[in-house]
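Report on the structure given below.
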Number of protein chains: 2
Amino acid sequence: MFKLCVLILVMSIDKKEHIMDVAVALFAEKGYEGTSIRDLAHEADVNIAMINYYFGSKEKLFVALLESKARYMRERIDAVQNDASLTELEKLNQIIDGYVNRFLSQPAFHRVLQQELLVTNREILHQNVIELFTKNTQDVVSIIEKGVRKKIFKKVDPPLLFASIIGTINQVMLSRSMCNILMNKAPGTDPYQDPELKKRITQHIKQLVQDHLLIQPALQKQK
Amino acid sequence: MFKLCVLILVMSIDKKEHIMDVAVALFAEKGYEGTSIRDLAHEADVNIAMINYYFGSKEKLFVALLESKARYMRERIDAVQNDASLTELEKLNQIIDGYVNRFLSQPAFHRVLQQELLVTNREILHQNVIELFTKNTQDVVSIIEKGVRKKIFKKVDPPLLFASIIGTINQVMLSRSMCNILMNKAPGTDPYQDPELKKRITQHIKQLVQDHLLIQPALQKQK
DNA sequence: AAAAATTAATTAAACGTTTGTTTAATTCAA
DNA sequence: TTGAATTAAACAAACGTTTAATTAATTTTT
């Protein structure tokens with residue numbers, strides 16, 4: 001009874017968004033192809049026809065969903081990059097903070113994105129995400145290279161270091177049960193809710209990057 | 001004409017394996033749900049009914065495929081772990097070599113595995129892979145912890161360091177185009193064929209881990 | 001302000017495809 | 001001649017989508 005009331009309230013605000021929210025959750029759980037419109041309609045408590053009425057088709061719903069939620073990805077690194085008052089390491093640290101925050105704040109959507117990237121065939125998203133990723137990679141790489149030129153950083157493999165940063169976060173988010181194992185939590189719980197997790201991940205990555213980059217880590221630590 | 005001959009030759013050796021090989025390639029490209037039995041039959045040049053004749057069902061084919069190919073994952077770390085003649089760092093280095101070799105040697109199957117892990121719903125594989133992953137995580141973690149106790153390693157976050165190792169490889173293999181960007185290659189080429197890639201990844205990860213773990217990296221390097 | 005007209009939202013039912021699977025007949029090999 | 005391998009055809013179920021009818025909301029007219 002209470003659930004019904006909440007549902008009606010939520011739906012009255014914006015039915016389209018309600019459908020999209022349910023879609024993200026279902027796609028994350030079953031995959032895009034694995035989720036039928038009937039599943040979605042039932043779970044969102046709307047008629048099957050409403051989905052095509054609002055979005056046109058299943059694929060268009062998917063695209064709408066991506067464009068709506070992917071905005072949090074588009075926030076570029078420009079701001080950080082052009083801030084002259086920051087050292088290269090500080091820039092990297094801020095970028096790490098940004099990625100961890102964004103990725104962990106929307107685990108379901110993140111999962112949908114990852115799924116889509118692993119399906120080479122479907123071109124809808126691939127192109128867009130790749131493009132964004134290219135830009136981000138180049139930005140981070142150029143920051144690292146600048147640090148290397150300044151002799152602040154050791155000579156490293158910049159693109160692969162970027163892969164390590166992103167890859168660490170992705171790995172933690174790959175599977176809920178995997179995350180629970182990594183975090184030494186009970187198998188059933190939802191690890192992404194824990195604010196401690198975010199802190200732990202950022203700390204680890206920052207330390208990892210710092211150790212890898214700085215020529216005299218001991219000295220830097222003291223400052 | 002030549003292609004047809006090769007196909008017949010390959011099929012005559014073992015038709016079941018031929019179907020499974022084509023299935024891995026298709027699943028990797030389109031996903032399990034996105035690949036129809038008709039797709040698969042056409043691509044493998046066999047009758048649709050043959051797939052059910054050999055495997056019983058689409059799902060059983062999938063399980064057979066996983067069990068057949070996943071063996072390369074099951075090769076445990078025991079051998080390395082119990083070798084007393086190796087230092088903790090050397091053990092980690094060997095483990096890194098092992099993961100990079102195994103993951104990069106079968107990129108298509110690796111992609112299928114990753115896809116499956118991202119689908120929370122389907123339980124077929126999840127349980128098995130999780131179980132294996134747990135064991136491997138614990139093994140690597142205990143090696144790191146031993147190094148910490150021996151005061152060879154700094155006090156780090158062992159499970160997250162493991163996540164960084166695996167995550168880096170996974171990140172590189174997430175998308176062919178992404179890998180080409182990371183490797184600064186032409187967009188069309190297949191990066192996983194390049195033997196230089198394997199070398200570069202292992203080198204990077206080993207250096208990353210070493211920098212993160214060793215208390216005096218400068219001294220260690222000289223030895 | 002009430003009634004009528006118009007537009008939007010919602011529904012159940014049916015549409016044509018495609019899905020995985022099975023059948024029954026046929027070819028092949030032992 | 002017997003059993004396995006292979007085929008084309010048909011199967012029911014599920015898929016995304018559309019239709020036509022109905023209800024709700026909004027605007028226009030009186």
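Chain identifiers are assigned alphabetically (A, B, ...) following the order of the sequence lines, protein sequences preceding nucleic acid strands; residue numbering begins at 1 within each chain.
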Shortest non-hydrogen contact from A/Gly31 toward A/Thr35: O-OG1, 2.7 Å
Residue met sooner reading DNA chain D from 5', once A/Asn47 and A/Asp39 are mapped to nucleotides: A/Asp39
Phosphate OP1/OP2 of C/dT19 contacted by B/Ser36 side-chain N/O (<4.0 Å): yes
Gap between atoms OH and C1', on B/Tyr53 and C/dA25 respectively (whole Å): 15 Å
Note: A/Arg200-A/Asp194 ion pair, threshold 4.0 Å (strictly below): no
Degree of bending in the helix from C/dA1-D/dT30 to C/dA30-D/dT1 once both end axes are built from five pairs, to 10°: 10°
A/Phe62 and A/Phe27 aromatic ring geometry - parallel, tilted or perpendicular at 30°/60° bounds: perpendicular
Listed nucleotide nearest any side-chain atom of B/Arg38, set D/dC15, C/dT21, D/dT7: C/dT21
Distance test, side-chain N/O of B/Ser57 to OP1/OP2 of C/dG20, below 4.0 Å: no
Interatomic distance, B/His42 NE2 vs C/dG20 C1' [rounded to whole Å]: 18 Å
Interatomic distance where CG belongs to B/Asn52 and P belongs to C/dT23 [whole Å]: 11 Å
Interatomic distance, B/Asp14 CG vs D/dA5 C1' [rounded to whole Å]: 14 Å
Donor + acceptor pair across side chains of A/His18, A/Asp45 (<3.5 Å): no
Length of the CZ-C1' vector between B/Phe55 and D/dA5, whole Å: 15 Å
For atom NZ of A/Lys15 and atom P of D/dA25, their distance in whole Å: 11 Å
Protein-nucleotide distance (A/Ile19, atom CD1; C/dA9, atom P), rounded to Å: 12 Å
Toward the 5' end of DNA chain D, by each residue's nearest nucleotide, A/Ile37 or B/Tyr54: B/Tyr54
Residues B/Lys185, B/Asp190: salt bridge by 4.0 Å N-O rule: no
Nucleotide of C/dT10, D/dT18, D/dT7 approaching B/Met50 most closely (side-chain heavy atoms): D/dT7
Closest nucleotide among D/dT17, D/dT18, C/dG20 to the A/Ile48 side chain: D/dT17
Parallel, tilted or perpendicular: rings of A/His212 and B/His204 (30°, 60°): perpendicular
Length of the line joining A/Phe27:CZ and D/dG16:C1', which is rounded to integer Å: 12 Å
Cation-pi check, A/Arg102 onto A/Tyr99 ring (under 6.0 Å, within 45° of axis): yes
